[in-house]
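What you are looking at is a predicted structure, and each value in this text was computed from that prediction instead of being measured. To find a chain, count down the sequence lines: A is the first, B the second, and so on, and within it residues start at 1.
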Amino acid sequence: MLIYDIQNLVKVYPGQSQPINDRITFQIHQGEIFGILGDNGAGKSTLVRQMVNLLPSSSGTIAFLGKPITTIPQIVQLNVGYMPQESGAVKNLTIAESLYFTAHLRGMSRREACQERDRLLHQWKMIEWRNQPAARLSGGQLRLLRLAVAMAGSPPVLILDEPTNDLDPQRRKLVWENLRQLNREQGTTIILITHDAIEAEKAIGRVGILHAGKLVAIGRPSDLKQQVDRLLRLELFFEPDHPPVLPPDLVCDRHAPGHWRIFLEWDQVEQTLNGLDLNQIDDFRLYSATLEDLYLHYATQS
Amino acid sequence: MQPNRKPLPLLLQLFDLLCMELSNWRWSWQVMVLTATISPVLSIIALGSFVARNDAESLHAILAGSLVMSLMFGNLDNVSSRFAYMRFSGTLDYYATLPIQRSLLMVAVVLAFFVLSLPSLLVTIGFGAWFLHLSLTIHPLILLVIPLCVLPLAGVGAAIGASSPSPEVGGGLTLLVTMLALFVGPVLLPASRLPEIVQTIGYLSPATYAASALKQTLLEPMTSRIVIDLVALTGFLVLTLWLVSRKLK
């Protein structure tokens with residue numbers, strides 16, 4: 001079943017000449033985990049805000065279950081749980097209250113909403129802070145609460161704007177586990193914006209890459225990665241004042257002081273590693289292409 | 001999908017939204033009640049000290065005007081800041097993605113502040129009558145007049161909060177509107193003490209009609225003027241509700 005059908009979507013903010021979304025077309029199917037990747041300002045958050053009726057589009061259409069979303073706002077509200085990048089919860093409610101009221105207002109009975117609250121408190125390991133007001137939570141705790149609030153009432157579609165930002169590795173793992181479980185057991189359709197490329201790769205079925213408002217690539221990560229010419233990424237870490245000397249034919253991305261990234265063909269690996277002076281290098285790591293590399297590839301190509 | 005899932009009945013939606021709005025103030029209600037009480041009480045003391053005890057028209061204006069002031073600080077100012085806060089903190093987006101009636105959110109915000117403004121209203125009536133030596137003749141119609149005074153004032157606050165480009169601009173505008181409403185028109189001062197132009201401009205302010213309706217249901221015999229006051233207040237209410245619903249949409 002087609003959940004979202006987006007056709008030629010354009011968004012131009014008043015007073016700006018460049019569109020923030022430029023003729024974007026794609027579909028989301030029921031039960032899939034769809035990732036949206038892109039750099040800051042690529043138009044990702046604007047796109048998802050349009051998908052939940054928070055922003056009007058300048059032109060183009062967004063259909064939800066076959067009907068334009070502007071004609072069925074209530075169907076969208078009942079079926080889509082949205083987690084914005086910032087805020088998105090009532091700060092002075094306690095965690096338990098936020099979950100209960102959201103589930104109840106999404107159409108659950110009082111009893112169901114209480115059960116849903118307790119289930120989410122367990123699922124997100126928030127039992128011990130259940131009576132804490134959201135305003136007193138740390139950044140990571142607040143993000144987990146906002147994720148849980150988006151899921152309260154068990155909406156069959158979730159749209160999550162950077163659900164793992166600011167989270168420590170343990171909580172990040174919990175988020176990915178819970179999202180995979182939700183998708184597997186309840187068939188929840190999940191659309192998410194993320195910069196957590198390595199973890200996302202294990203969960204998402206399809207990815208759309210946005211660059212400067214345009215959808216530059218869409219497909220399964222494995223299919224898209226085949227187009228990256230089987231590149232490998234070599235990361236070098238060294239004292240910033242003593243950079244290593246590299247063979248002249250290598251293209252190097254000076255990512256940060258003391259941290260370079262080099263993209264290599266398979267047949268360049270052995271020669272490059274043998275040519276490195278290990279006395280000049282603190283550490284080196286070799287990766288096969290990830291979603292992040294895929295994004296970098298398409299962004300530089302376009 | 002959830003074809004059987006329906007939005008909550010409107011009354012339950014309102015109950016939830018009211019509980020959510022009231023719970024926002026559980027740590028700060030004491031300060032809010034105090035702020036809404038102190039200004040009208042101080043104005044009664046300050047203005048009442050300069051008025052002769054036999055100048056009934058002025059004394060009535062001071063009490064009715066102070067009640068309007070209490071309602072304005074308790075409702076217009078607070079509702080305006082709440083809507084500006086909700087807009088800029090993302091809370092309004094959170095509500096907008098839930099299957100609720102948008103106008104009920106405004107009603108819930110207004111009701112929550114109205115509940116908080118009741119102690120101030122009662123203290124102002126009691127203290128004002130005692131300090132100004134006025135005898136109250138309370139008409140049952142006051143039960144209709146008070147909500148009709150509160151709602152348009154709160155609606156003006158909501159319209160400012162939902163439209164301002166920033167919370168700071170919203171705060172400044174609210175203060176300006178409060179001061180204009182209190183001093184331009186026969187609210188705190190009797191009509192006979194005001195220049196004609198100020199009286200005329202006062203007809204554009206809901207505070208003028210609120211003060212007049214409160215005077216007639218608390219202190220003076222009721223006249224046919226009450227009909228004009230109630231119609232005007234209802235008109236302001238409809239206008240502000242329309243403006244806010246349009247803005248929230």
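For B:Tyr85, the part sitting under 4.5 Å from any heavy atom of chain A is the side chain, from C-beta outward, and nothing else. Of the atoms belonging to A:Ser109, not a single heavy atom falls under 4.5 Å from chain B. Only the side chain of A:Leu54 has a heavy atom closer than 4.5 Å to any heavy atom of chain B. Neither the backbone nor the side chain of B:Trp25 comes within less than 4.5 Å of any heavy atom in chain A. No part of A:Met83 comes within reach of chain B, as not one of its non-hydrogen atoms sits under 4.5 angstrom from that chain. If you measure heavy-atom distances from A:Thr188 to chain B, you find no contacts under 4.5 Å at all.
In this structure, A:Gln77 contributes its side chain and B:Ala96 its backbone to a donor-acceptor pair below 3.5 Å. Panel note: side chain A:Arg106, backbone B:Pro7; no donor-acceptor pair is recorded below 3.5 Å.
Of the inter-residue distances, the one linking A:Thr94 atom OG1 with B:Arg26 atom CZ reads 6.0 Å to the nearest 0.5 angstrom. Rounding to the nearest 0.5 angstrom, the gap separating the CG atom in B:Leu98 from the CG atom in A:Leu78 is 10.0 Å. Here the CG-CZ distance, from B:Leu17 to A:Phe101, works out to 9.0 Å after rounding to the nearest 0.5 Å. From B:Leu12, atom CG reaches atom CZ of A:Arg110 across 5.5 Å, with rounding to the nearest 0.5 Å. To the nearest 0.5 Å, atoms CG (B:Asp16) and CG (A:Leu105) are separated by 4.5 Å. Distance check, rounded to the nearest 0.5 Å: CG of A:Leu93 to CG of B:Asn24 gives 6.0 Å.
Heavy-atom contacts from other residues, nucleotides or ligands closer than 6.0 Å to CH2 of B:Trp29 number 12 or fewer. Counting non-hydrogen atoms of other residues, nucleotides and ligands closer than 6.0 Å to OH of A:Tyr13 gives a total above 12. The local environment of CZ in B:Phe15 is sparse, with at most 12 non-hydrogen atoms from other residues, nucleotides or ligands closer than 6.0 Å.
Interface remark: of the candidates A:His104, A:Glu97, A:Gln74, A:His104 forms the most heavy-atom pairs closer than 4.5 Å to chain B.
The two residues A:Thr102 and B:Tyr94 come nearest to each other via the heavy atoms OG1-OH, 2.6 Å.
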